[in-house]
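Some notes on the structure that comes next.
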Amino acid sequence: MRSDILAALNDERAARRAAILVTDIADGAQRLVREAEIAADPLAAVLAKHLASGKSGLVEADGRTLFLTVQVPPVRLVVVGAVHISQAMAPMATGLDLALTVIDPRTAFATQERFPGIALVAEWPDAAFGTTVPVLDRYCALAALTHDPKIDDPALKAALAAECFYVGALGSRKTHASRVARLTEAGFTPAQIGRIHAPIGLPIGAVSPAEIALAVLAEIVACLRRVPRPEVA
């Protein structure tokens with residue numbers, strides 16, 4: 001690999017941006033395609049497909065065999081609310097290779113006994129982001145689960161501003177309508193607010209905390225893999 005390509009690939013990795021290294025198997029020629037450049041690339045469709053899957057592999061294009069090396073930042077999942085749903089979510093998230101952080105300023109809930117082995121932050125979200133918790137970015141998912149606007153709203157604002165690939169919030173449609181009003185007053189546009197998945201989770205009829213956790217994680221994976229949300233019958 002040429003030193004300039006390696007340096008550029010390392011720069012993208014350090015900045016938590018995705019990139020794809022395209023290698024021509026016949027002659028070894030290589031080029032780096034950054035995520036922001038994919039849409040304008042001659043191989044846009046195939047590159048986008050591999051980026052969505054996060055998988056490297058061989059492809060055929062214009063009579064040539066190419067190997068696509070996909071570099072995608074590790075996905076972080078930030079859950080706001082040390083509640084029963086997040087307790088059920090923790091082992092599932094681990095199995096999905098999601099780096100989970102749970103934030104909740106309510107120290108009675110945010111205890112290591114309830115979340116063994118999980119990155120637990122007993123702070124207000126707006127104080128935690130950028131200090132105890134790394135700054136949010138496009139490869140982060142955020143789920144707000146407290147039902148308390150004082151805790152959830154700052155986290156949602158941070159997630160929308162950072163363009164997290166997934167933003168979800170627990171609550172009924174009435175609760176969400178009030179949330180929309182607050183975020184509108186705070187200066188967020190309808191398009192930004194429309195990115196919030198609320199009610200949170202895929203519509204699987206979930207009732208128990210474990211079922212809701214499953215529905216939320218399934219929705220996160222669907223957004224990560226760019227799978228359209230199914231319509232409710």
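Here the side chain of Ser56 pairs a donor or acceptor atom with the backbone of Val70 at under 3.5 angstrom. Judged by distance alone, the side chain of Thr184 and the main-chain N or O of Val180 form a donor-acceptor pair under 3.5 Å. Under a 3.5 Å cut-off, the side chain of Ser53 and the backbone N or O of Lys55 do form a donor-acceptor pair. Between the side chain of Arg225 and the main chain of Ala52, a donor-acceptor pair closer than 3.5 Å is present. Side chain of Thr101 to main chain of Ala119: no donor-acceptor pair is present (N/O by atom type, distance under 3.5 Å, no hydrogens or angles). In this structure, Glu211 contributes its side chain and Ala206 its backbone to no donor-acceptor pair below 3.5 Å. Panel note: side chain Thr111, backbone Thr107; no donor-acceptor pair is recorded below 3.5 Å. Using modelled atom types, one side-chain atom of Gln87 and one backbone atom of Arg114 make a donor-acceptor pair closer than 3.5 Å.
For the residue pair Arg34 and Ala8, the shortest heavy atom distance occurs at NH2-CB, 3.5 Å. Of all heavy-atom pairs spanning Asp24 and Leu66, the tightest one is CA-CD2, 3.7 Å. Of all heavy-atom pairs spanning Leu43 and Ala61, the tightest one is CD2-CB, 3.5 Å. Ala210 and Ala88 make their closest contact through CA-CB, 3.7 Å (heavy atoms, listed as atom of the first residue, atom of the second, distance). For Cys164 against Cys140, the heavy-atom pair with the smallest separation is CB-O, 3.1 Å. Closest approach of Tyr139 and Arg16 over heavy atoms only: O-NH2, 3.3 Å.
Within 6.0 Å of atom CZ in Phe109, 12 or fewer heavy atoms from other residues, nucleotides or ligands are found, so the atom counts as exposed in its surroundings. Within 6.0 Å of the CD atom in Glu185, the count of heavy atoms belonging to other residues, nucleotides or ligands does not exceed 12.
Atom CZ in Arg179 sits 6.5 Å away from atom CD1 in Ile196 (nearest 0.5 Å). Atoms CG and CD, on Leu47 and Glu35 in that order, are 11.5 Å from each other to the nearest 0.5 Å. Remark: Leu98 CG to Met92 CE distance equals 12.0 Å, nearest 0.5 Å. We find the CD1-CD distance between Ile20 and Glu37 to be 11.0 Å, quoted to the nearest 0.5 Å. Rounded to the nearest 0.5 Å, atoms CZ (Arg2) and CD1 (Ile5) are 3.5 Å apart. Between the CG atom in Asp152 and the CD1 atom in Ile103 there is a gap of 11.0 Å [rounded to 0.5 Å].
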For a side chain to side chain contact (heavy atoms under 4.5 Å, CB included) check, start with the C-alpha distance between His50 and Val59, then their side-chain angles and the critical distance, and finish with the verdict. CA-CA 10 Å; His50 276 259; Val59 298; 3.4 Å; yes

Walk me through whether Phe115 and Val79 qualify under side chain to side chain contact (heavy atoms under 4.5 Å, CB included). CA-CA 12 Å; Phe115 292 89; Val79 173; over 6 Å; no

May I have the step-by-step check of side chain to side chain contact (heavy atoms under 4.5 Å, CB included) for Ser208 and His84, ending in yes or no? CA-CA 9 Å; Ser208 69; His84 292 308; over 6 Å; no

Pair Met89, Leu217 - check side chain to side chain contact (heavy atoms under 4.5 Å, CB included), show working. CA-CA 8 Å; Met89 191 181 293; Leu217 288 172; 3.7 Å; yes

Determine whether Asp62 and Arg64 satisfy the following criterion, salt bridge (Lys or Arg N to Asp or Glu O under 4.0 Å), listing intermediate values before the conclusion. CA-CA 6 Å; Asp62 298 327; Arg64 304 187 73 84; over 6 Å; no

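There is no path of hydrophobic side-chain contacts, each under 4.5 Å, that joins Val78 to Leu96. Val221 and Leu214 fall within a single hydrophobic cluster, where Ile, Leu, Val, Met, Phe, Trp and Tyr side chains are chained together by heavy-atom contacts under 4.5 Å. Tracing side-chain contacts under 4.5 Å through hydrophobic residues (I, L, V, M, F, W, Y), one reaches Val121 starting from Val80; they form part of the same cluster. Under a hydrophobic-cluster definition in which Ile, Leu, Val, Met, Phe, Trp and Tyr are linked whenever side-chain heavy atoms come within less than 4.5 Å, directly or via other members, Val167 and Val216 are assigned to different clusters. Hydrophobic cluster membership is shared by Ile212 and Leu100, with clusters built from Ile, Leu, Val, Met, Phe, Trp and Tyr side chains linked at under 4.5 angstrom.
Within the 4.5 Å cutoff, the side chain of Phe165 has heavy atoms near those of the Leu224 side chain. Between Leu77 and Val75 there is no side-chain heavy-atom pair separated by less than 4.5 Å. Leu160 has its side chain within reach of Phe188: a pair of non-hydrogen atoms, C-beta onward, lies under 4.5 Å apart. Contact check for Leu136 versus Arg76: side-chain heavy atoms found under the 4.5 Å cut-off. In this structure, the side chains of Leu170 and Pro199 stay at 4.5 Å or more apart for every pair of heavy atoms. Using a 4.5 Å heavy-atom threshold, the side chains of Leu183 and Lys157 count as touching.
A donor and an acceptor atom, one from each side chain of Ser178 and Thr175, are nowhere located under 3.5 Å apart. Of the N and O atoms on the side chains of Arg13 and Gln71, at least one donor lies less than 3.5 Å from an acceptor on the other residue. No side-chain donor from either of Arg173 and His176 sits under 3.5 Å from a side-chain acceptor of the other.
With salt bridges taken as basic N to acidic carboxylate O contacts below 4.0 Å, none links Arg195 and Glu163. Between Arg106 and Asp104, at least one side-chain nitrogen of the basic residue sits less than 4.0 Å from a carboxylate oxygen of the acidic one, meeting the salt-bridge criterion. Salt bridge status for Glu12 with Arg17: present, with a side-chain N to carboxylate O gap under 4.0 Å.
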